[in-house]
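Beneath this line is the structure, given in structure tokens, with notes to follow.
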Amino acid sequence: MRHDAKRALAAIVGDEHVSDRMADRICYSQDCGPDKAGIPAVVVRPKSTEEVSAIVQWANEHHHSIYTRGRATTFLGSGVKDDVIMLETTRMDRIETVDLDAGYVTAQCGAIWHGIDAVLHRDGWELAVPGGGGLFSCTIGGTVAVNAIPHGATEYGMTGDHVLSLEVVLPTGEVIKTGSAANPSSAPIERGSNGPDLTGIFIGAYGILGIITSVTYRLRRIPEVELFRFYAFDDYHDAIDAAGGIQAQAASTFVVALFGGPKPAGETGDAFLHIIVRDRVVAAEARIREAEAICASHHGRSRSAEGTRRYWEDHMYSWLRNTAPGPYYSDRPYFCPEVAGFVSTNQLKHAVAIFREMKAEREEEFAHYGIRVKGLDTYFARNGAYLWIDTLYDERREDAYQYGLKLRGDIAERMFTEGGMSPGGLGAGVAPYIMPKLGETYAFLRRLKASMDPNGVLNPGLLVGEGDLK
Ligand SMILES: Cc1cc2nc3c(=O)[nH]c(=O)nc-3n(C[C@H](O)[C@H](O)[C@H](O)COP(=O)(O)OP(=O)(O)OC[C@H]3O[C@@H](n4cnc5c(N)ncnc54)[C@H](O)[C@@H]3O)c2cc1C
């Protein structure tokens, strides 16, 4: 298949944008996470929607599978199979329209999140969310495809909430636009027009239902000020109650909590809240005073917010723990399987307790395999919490690797069943533990996938197990 595919794909995108060299194929097999994946047969890098459509049509005719990749910054397992066509979108990086009057930007799927923001900043505007922690490298298409949880989620919500329209190449190669932009004479104003919200089925679908080729996204004016606070709590229940109070009063743009992992340098306490407010000057001051009062009423101790400021301005996790990026990010050879998902703010207490309990129960195993807890961190969303559970293992040890992946599955299982957590991140690593538990919802997703992608061309096996399609 390799040589035929290379020739056919080169006829679509040009010789220089197709490779079947082993070195390239290996580099394109994995994401940022620890899961091992298959090796694609050929890598193709289209430049336009027309080229994507032609590739998908060819793959359908010849019954080959395609795996779509942006910048591979997910940690959750790419699920790439051996011998697939790897379609990489980073040449599709054009910003197509900036309309400040209508408040939207349209960009090709491979444009980098922060790159789009940098262009908007010149005019005092920004994307409606600042992006997730991968914002300096992730593509807008990949970020919408996973519905990443962004910085600022406490006020701004999820990445997908601000998508106004998508252009999508369906698994058959047809091209559609969603929302009001489906009307050829209309602008992309809202996605809930021209019938049901078709945009939504591609958000968080991990590319199994179509390849997003262009995204139209809402803008906001850059707020006048950003204010920062940092609080330490001696009991994590108080920290969660304080965060819940801030949510109820809409007193902050972003609240991030730390319940485990290394404590911020120089701090004592059981849990910590980083608080960020972005607004007009008067409103921001009123909101930060309210957040301060809420934290104080829950026994919070106000501490230096310098780490909070650096975290927000640099979007570097290291500063959540008052640590410079160098030492934090060079913590190799440890590798990190992650479980992440939504719980209600109240259930978060239970979820944190479950993980602390699991850690205590497995103390000997953790010591034996050298497992470390990197973080038990939470982004508060508008009406709930998004908990990241990051455990590290020593990647030089095969037994620790196997234990680390098993541990991730066990955590996902317990959090889903006992902790009330619904995973936000669902790559090849966690999906097999969770999707079959969704019952009729999973059955419906399988039927949807089978009817939209009858030849199983796009991202085979991801979210919906291949065997499950039959
Ligand atoms: C340092 C760091 C911090 C991070 N912080 C966060 C965070 O705060 N919040 C968060 O949610 N995530 C975070 N992530 C994860 C990551 O940033 C997101 O998953 C990312 O936005 C995905 O974009 P990508 O271009 O890398 O997509 P990829 O990883 O290449 O792809 C992700 C999935 O989407 C599919 N896909 C990619 N492009 C398309 C497309 N055009 N159409 C259809 N499907 C497509 C792929 O097949 C794959 O299944 C972080 C990552 C890093 C490295």
Side-chain angles (χ1 to χ4, degrees), residues 28-33 35 37 40 46 49 52 56 65-81 84-93 107-115 129-153 158-160 163 166-171 201-215 254 256 311 314-318 320 325 328-329 336 338 340-342 375 377-379 381 386-388 390 423-429 431 458-464:
Y28 278 93
S29 78
Q30 215 170 318
D31 63 6
C32 283
D35 296 88
T49 302
V52 173
V56 175
S65 302
I66 296 176
Y67 186 88
T68 307
R69 165 167 154 151
R71 288 263 168 170
T73 63
T74 44
F75 289 86
L76 297 156
S78 69
V80 172
K81 305 266 185 227
V84 296
I85 296 167
M86 169 65 68
L87 185 154
E88 198 246 44
T89 64
T90 57
R91 287 182 66 232
M92 298 176 67
D93 61 353
Q108 279 187 301
C109 59
I112 302 294
W113 195 276
H114 189 66
V129 303
L135 60 94
F136 296 111
S137 48
C138 61
T139 66
I140 190 165
T143 306
V144 168
V146 303
N147 199 14
I149 178 144
H151 293 175
M158 297 293 289
T159 296
V163 176
L166 295 175
E167 180 190 73
V168 182
V169 172
L170 297 177
I201 64 167
F202 301 103
I203 295 173
Y206 288 75
I208 69 167
L209 301 178
I211 300 177
I212 298 165
T213 44
S214 159
V215 177
F254 199 28
V256 182
Y311 162 63
D314 301 345
H315 294 282
M316 283 283 186
Y317 291 108
S318 56
L320 287 175
Y328 186 85
Y329 286 101
C336 182
E338 110 185 347
F342 296 98
D377 301 347
T378 299
Y379 292 179
Y386 192 87
L387 178 63
W388 306 89
D390 292 338
L426 266 171
L458 292 188
N459 287 8
L462 196 59
L463 300 198
V464 177

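This is a predicted model, so every value here is computed, not measured. In each ligand, atom 1 is the first atom listed, and ligand 1 is the first ligand listed.
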Among protein heavy atoms, which lies nearest [atom], and at what distance?
atom                    : result
atom 41 (N) of ligand 1 : I212 O, 2.9 Å
atom 5 (N) of ligand 1  : Y317 OH, 2.6 Å
atom 45 (C) of ligand 1 : A145 CB, 3.5 Å
atom 37 (C) of ligand 1 : G142 CA, 3.5 Å
atom 31 (O) of ligand 1 : G70 N, 4.3 Å
atom 25 (O) of ligand 1 : T139 OG1, 2.7 Å
atom 46 (C) of ligand 1 : T68 O, 3.1 Å
atom 4 (C) of ligand 1  : G134 N, 3.1 Å

Close-contact set for ligand 1 against [X] heavy atoms, below 4.0 Å:
X    : value
R69  : 30 (O)
C138 : 20 (C), 21 (O), 23 (O), 25 (O)
Y67  : 46 (C), 47 (O), 48 (C), 49 (O)
F75  : 50 (C), 51 (C), 52 (C), 53 (C)
A148 : 10 (C), 11 (O)
G207 : 43 (C), 44 (N)
L462 : 49 (O)
Y379 : 7 (C), 8 (O)

Nearest heavy atom to atom 16 (C) of ligand 1 wins, so pick from V146, T73, I66.
->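 It is T73 whose heavy atom sits nearest to atom 16 (C) of ligand 1.
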
With a 4.5 Å heavy-atom cut-off, do I112 and D93 have their side chains touching?
-> no

Judged by non-hydrogen atoms, does [X] sit under 4.0 Å from ligand 1?
X    : result
A205 : no
D31  : no
F202 : no
W113 : no

Between L135 and ligand 1, which part of the residue brings a heavy atom under 4.0 Å of the ligand: side chain, backbone, both or neither?
-> neither

Counting only nitrogen or oxygen atoms and a 3.5 angstrom limit, does [X] reach ligand 1?
X    : value
T89  : no
A72  : yes
I149 : yes
W388 : no

Checking R69 side chain against Q30 main chain: does a donor-acceptor pair fall under 3.5 Å?
->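 A pair under 3.5 Å: yes.
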
E167 backbone acceptor or donor facing T213 side chain under 3.5 Å | yes

For residues A340 and W388, report the shortest heavy-atom separation together with the two atoms involved.
-> CB-CE3, 3.6 Å

Heavy atoms only: give me the nearest L458-L209 pair and the separation to one decimal.
-> CD1-C, 4.3 Å

Separation of E338 CD from F75 CZ (nearest 0.5 Å) =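 Answer rounded to 0.5 Å: 6.0 Å.
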
